[in-house]
Amino acid sequence: MVVKVTLKDGSIREYQKGTTLARVAADISGRLGREALAASLDGRLVDLATPLERDAGVVFYTFDDEEGRQVFRHSTSHVLAQAVQRLFPGTRLAIGPAIADGFYYDFDSPVRFTPEMLEKIQAEMESIVEEDLSFERLDMSRQEALEFFRRAGEDYKVELINDLPENAAISCYRQGEFTDLCAGPHVPSTGRLKSLKLTGLAGAYWRGSEKNKMLQRIYGTSFPRKSMLDDYLFRIEEAKKRDHRRLGTELDLFSIQEEGPGFPFFHPKGMVLRNELERFWREVHRKRGYQEVRTPIILNRSLWERSGHWDHYRENMYFTRIDDSDYAVKPMNCPGSILIYKSRLHSYRDLPVRLAELGLVHRHELSGVLHGLMRVRCFTQDDAHIFMLPDQVKDEITGVIDLVDYFYSVFGFKYRVELSTKPEKAMGTEEIWELATGALEDALKSKETDYKVNEGDGAFYGPKIDFHLEDCLGRTWQCGTIQLDFLMPEKFDLSYIGEDGQKHRPVMIHRVVFGSMERFIGILTEHFGGAFPVWLAPVQVRVLPITDRQLDYGREVTARLEREEIRAELDDRNEKINYKIREAQGLKIPYMLVVGNREAENGTVAVRHRSAGDLGPAGLEEFVSRIREEIRTRSV
RNA sequence: GCCGCCGCAGCUCAAUGGCAGAGCAGCCGCCUUGUAAGCGGGAGGUCCGGGUUCGACUCCCGGCGGCGGCUCCA
């Protein structure tokens, strides 16, 4: 009997029923036969060993496809588990999925793994690849599977099986002596997993809950070719050079010292950057109808009890006493802003009221999570609280979405959007949460934004839209967020006078765009690898005299630039020009002006750009107007 | 907070129980220099507290801090 196979280009081929997908791939082309890792059969991801039973649409996946890479890495994680059980019998298996650039497997083992053992495990994995064991799918009944893993002492697998839905198909995969519970699919055999490397060792809680036992997680990655692995490792090394912690030191932007873990120090150059960002921020916010405020860092306990922070946020707060009463250091700016709103009566005509605050907050974060400027214990949020009429909610939310998009586009950032819903520790009723979450969702839909839902990740007083940016290693950090809040207005008995002359309850939005100045500067630093756009560069121009005979002219040039409010430095050291250029390049200063006799005589400068290189001579005034334009337009 | 690793000069790294070293940066001097490292000289250090030892950077215990994860969040 013949079955028809429809390929992704729309072409149709005919095969005998029972022909495996591997044969089909090889029939299409020799190359596809060698490179195909898995396939989808009418949209279902399957092994290449799967036989054709009926007419179907088939797509083959190779390492070039996300699906192919996932299958490849997941298969490698099985090899890891096999190697570990060969070397360390008695080790129980938890889970071992593929992740962005590789895979991991979690183990519960009587032995404590060390980096040296990792090398042995990797060697064992390589020999399993050498053995070229085929991955064999075993469909099992729930009963069979439970018995099998119970006998093997694999308690975690038993727990996983028990938690599978009633009607779930249960399958295992076997390669050689090793069998693991797995939905699949897998590559045909271990021999395909040519080039692999174990990259890390870490603790991880079973099922991601700190209440559970901590397991040992081994991270790794794999590729079909050694050269691809080498490229990957090289890229990682290059990315590390953009790490904001490293650049922060090299470029003298900031430091974090033992005396204040998680409390960053901003150095003069870092402050220039920060002030430029704030200047830009104020300019835009003024235009968008925000009014700037500033509220105190330390406020009385009663305020925090009223806001709900005392009950819901206490473990993240710092406390102090003043004249025998309790005070807290603010972890958020909202209660302060609310007090300003409450300090006078508001008419419906005044709304929305948008109070913006570059507010310094302190939060006690667990020591293990601190990370350069990305995760700190004190930071300045570019906060704002919008008090509005219920029917202004949608416009205000979309307005903030537009604002965030505008800011990020200025820096050339790509971002991801997530919608975070009601957490376990939340105030307020289910209905209010549904209302607020629905409003955020509506706004996202009306903007046709792609977003992912993050269940249970909202703030304790409301759901939020989060904007995530990537660091140099592809880790993402929440920066902007928009939170819709019906609860604080209630708690603080906020009101406005409506058309009817009666008091009504306003709705509130909490929002940040940069997120925190600290985190944003971290992201910015990694994004540009320290080579900030001219408008942000702490030093925009360095003047480099060839010899000290041109020092006077160099001073003149520097002074001229400074009169134009261009941040310029003179390198007046008695050094060779190559040396001065090398250093300025290392500091990623956008423009270097080389001045020697020729320039001094003609009133010109020899312009060098940090990435374009030598741009030749230019009149000083010409250079001034060019760079001023570049700064004015904030070009990146 | 939890798991693993790590902590030596401003930075990057040597020194496995026996006098603590190198490169770069900084300082001094020489060189007067044309688009990514000129030459020479001096100065500078073992995270903190205990313990073992004739002797500890090194081994042990505790603390503090960092890195990578987990959990948690801007």
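Note that this is a predicted model, so its numbers are computed, not measured. Just so it is clear: chains get the letters A, B, ... in the order the sequence lines come, proteins before strands, and each one is counted from 1.
- In this structure, A:E599 reaches the bases: a heavy-atom distance under 4.0 Å links it to at least one base atom across the strands shown.
- Minimum atom distance to the side chain of A:A202 is reached by B:G68, of the listed B:G68, B:A37, B:G34.
- Note on A:E365: a base of the nucleic acid sits closer than 4.0 angstrom, heavy atoms only.
- At the heavy-atom level, A:V376 lies under 4.0 Å from base atoms of the strands shown.
- Note: CD (A:Q257) to P (B:G66) measures 11 Å, nearest angstrom.
- Nearest to the side chain of A:M214, among B:A74, B:G69, B:G38, sits B:G69.
- Nucleic acid contact class of A:R217 (heavy atoms, under 4.0 Å, all strands): sugar-phosphate only.
- One distance of note links CG of A:L358 with CG of A:D382; it measures 6.5 Å at 0.5 Å rounding.
- By the 4.0 Å N-to-carboxylate-O rule, A:E630 lies too far from A:R626 to be salt-bridged with it.
- Classification of A:E276 and A:R567 as a salt-bridged pair holds, one side-chain N sitting under 4.0 Å from a carboxylate O.
- OP1 or OP2 of B:G1 has at least one side-chain nitrogen or oxygen of A:S367 nearer than 4.0 Å.
- Ring pair A:F411/A:F528: centre-to-centre distance not below 6.0 Å.
- Using atom C1' as the reference point in both B:G55 and B:A20, the two lie 15 Å apart (nearest Å).
- Dashed line: the shortest gap from a side-chain N or O of A:K464 to OP1 or OP2 of B:A74 is under 4.0 Å.
- For the side chain to side chain donor-acceptor pair (under 3.5 Å) test with A:D106, the passing option among A:R92, A:R217, A:Q216 is A:R217; the others fail.
- The distance between the ring centers of A:H609 and A:Y591 falls below 6.0 angstrom.
- Summarising the geometry, the separation between CG on A:L370 and C1' on B:A74 is reported as 13 Å, rounded to the nearest angstrom.
- A:R363 comes within contact range of at least one nucleobase, with a heavy-atom separation under 4.0 Å.
- Within the 4.0 angstrom heavy-atom criterion, only backbone atoms of the sugar-phosphate kind lie near A:I577; the bases stay farther away.
- For A:D548, taking side-chain heavy atoms from C-beta onward, the closest of the listed nucleotides B:A36, B:U32, B:C73 is B:U32.
- When heavy atoms are screened at a 4.0 angstrom cut-off, A:M374 is found touching base atoms of the nucleic acid.
- The phosphate of B:A74 (OP1 or OP2) has a side-chain N or O of A:Q483 nearer than 4.0 angstrom.
- Picking from B:A74, B:A36, B:G1 the nucleotide with the shortest atom distance to the side chain of A:Q585 gives B:A36.
- Comparing the C1' positions of B:U32 and B:G26 gives a spacing of 22 Å, expressed to the nearest Å.
- In the set B:G4, B:G34, B:A74, B:A74 carries the atom at the smallest distance from any side-chain atom of A:T481.
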Just by protein heavy atoms under 4.0 Å, how would nucleotides 5-13 of chain B read 5' to 3' in B, S and -?
-> ---------
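- Note on A:R610: every side-chain N or O is 4.0 Å or more away from OP1 and OP2 of B:A36.
- When heavy atoms are screened at a 4.0 angstrom cut-off, A:G208 is found touching the sugar-phosphate backbone but no base atom.
- Between A:E292 and A:R282 a salt bridge is recorded (basic side-chain N to carboxylate O distance below 4.0 Å).
- Salt bridge present: A:E569 and A:R542 bring a charged side-chain N and a carboxylate O closer than 4.0 Å.
- Residue side chain A:Y579 fails the stacking definition with respect to B:A36, as its ring centre and the base's six-membered ring centre are not both under 5.5 angstrom apart and under 30 degrees in plane angle.
- Among the protein residues, A:D466 comes within range of no part of the nucleic acid, since none of its heavy atoms lies under 4.0 Å from any strand.
- Distance noted for atom C1' between B:G42 and B:C30: 15 Å (whole Å).
- We find that A:D552 and A:R555 are joined by a salt bridge, their nearest charged nitrogen and carboxylate oxygen being less than 4.0 Å apart.
- For B:C73, the base has no donor-acceptor partner in the side chain of A:R377 [N/O atoms by modelled type, under 3.5 angstrom].
- When each of B:G69, B:G65, B:G38 is scored by its nearest atom to the side-chain atoms of A:P261, the top-ranked nucleotide is B:G65.
- Looking at which nucleotide of RNA chain B each of A:L215 and A:I256 is closest to, the 5′-most match is held by A:L215.
- Counting only N and O atoms by type, the side chains of A:D101 and A:T221 include no donor and acceptor under 3.5 Å apart.
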Dot-bracket notation for RNA chain B, counting Watson-Crick and G-U pairs under 3.5 Å, with | for partners on another strand | (((((((..((((....[..))))..((((.......)))).....(((((..]....))))))))))))....
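- Taking the P atom of each, B:C61 and B:A22 are spaced 33 Å apart, rounded to whole Å.
- Separating the C1' atom of B:U46 from that of B:A15 is a span of 11 Å, rounded to the nearest Å.
- A salt bridge links A:R274 to A:E518: at least one charged side-chain nitrogen sits closer than 4.0 Å to a carboxylate oxygen.
- In this model, a side-chain donor or acceptor of A:R608 finds a partner on the base of B:U35 within 3.5 Å.
- The residue A:R511 sits apart from the nucleic acid: no heavy atom pair falls under 4.0 Å.
- If you take atom C1' in B:C54 and the same atom in B:C48, they sit 26 Å apart, rounded to whole Å.
- Atoms CZ (A:R245) and P (B:G65) sit 17 Å apart, rounded to a whole Å.
- Residue-level contact check: A:R549 touches the backbone only, with heavy atoms under 4.0 Å from sugar-phosphate atoms and none from bases.
- The side chain of A:Q381 lies closest to B:A74, out of B:A74, B:G4, B:G34.
- Comparing the P positions of B:G10 and B:C27 gives an interatomic distance of 15 Å, to the nearest angstrom.
- As judged by a 4.0 angstrom heavy-atom cut-off over every strand, A:A606 is placed among the base-contacting residues.
- Remark on RNA chain B: of its neighbouring residues A:C479 and A:H371, the 5'-side contact belongs to A:H371, judged by nearest-heavy-atom nucleotide.
- A:Y219 comes within 4.0 angstrom of sugar-phosphate atoms only, judged by non-hydrogen atoms across all strands, and of no base.
- Here the CG atom belonging to A:N602 is positioned 8.0 Å from the OH atom belonging to A:Y553, to the nearest 0.5 angstrom.
- Closest approach to the A:N578 side chain among B:A36, B:U32, B:A74 is made by B:A36 (side chain taken as heavy atoms from C-beta onward).
- Residue-level contact check: A:V369 touches the bases, meaning some heavy atom is under 4.0 Å from a base atom.
- In summary, A:R377 and A:E365 do not engage in a salt bridge, as defined by a charged side-chain N under 4.0 Å from a carboxylate O.
- Closest contact between the side chain of A:Q478 and the listed nucleotides B:C70, B:A74, B:G4 involves B:A74.
- Considering only side-chain N and O atoms, A:R112 lies under 4.0 angstrom from the phosphate OP1 or OP2 of B:G4.
- Salt bridge A:K241/A:E238: present, at least one basic N to carboxylate O contact under 4.0 Å.
- Atom name C1', nucleotides B:G66 and B:C8: the rounded distance is 15 Å, in whole Å.
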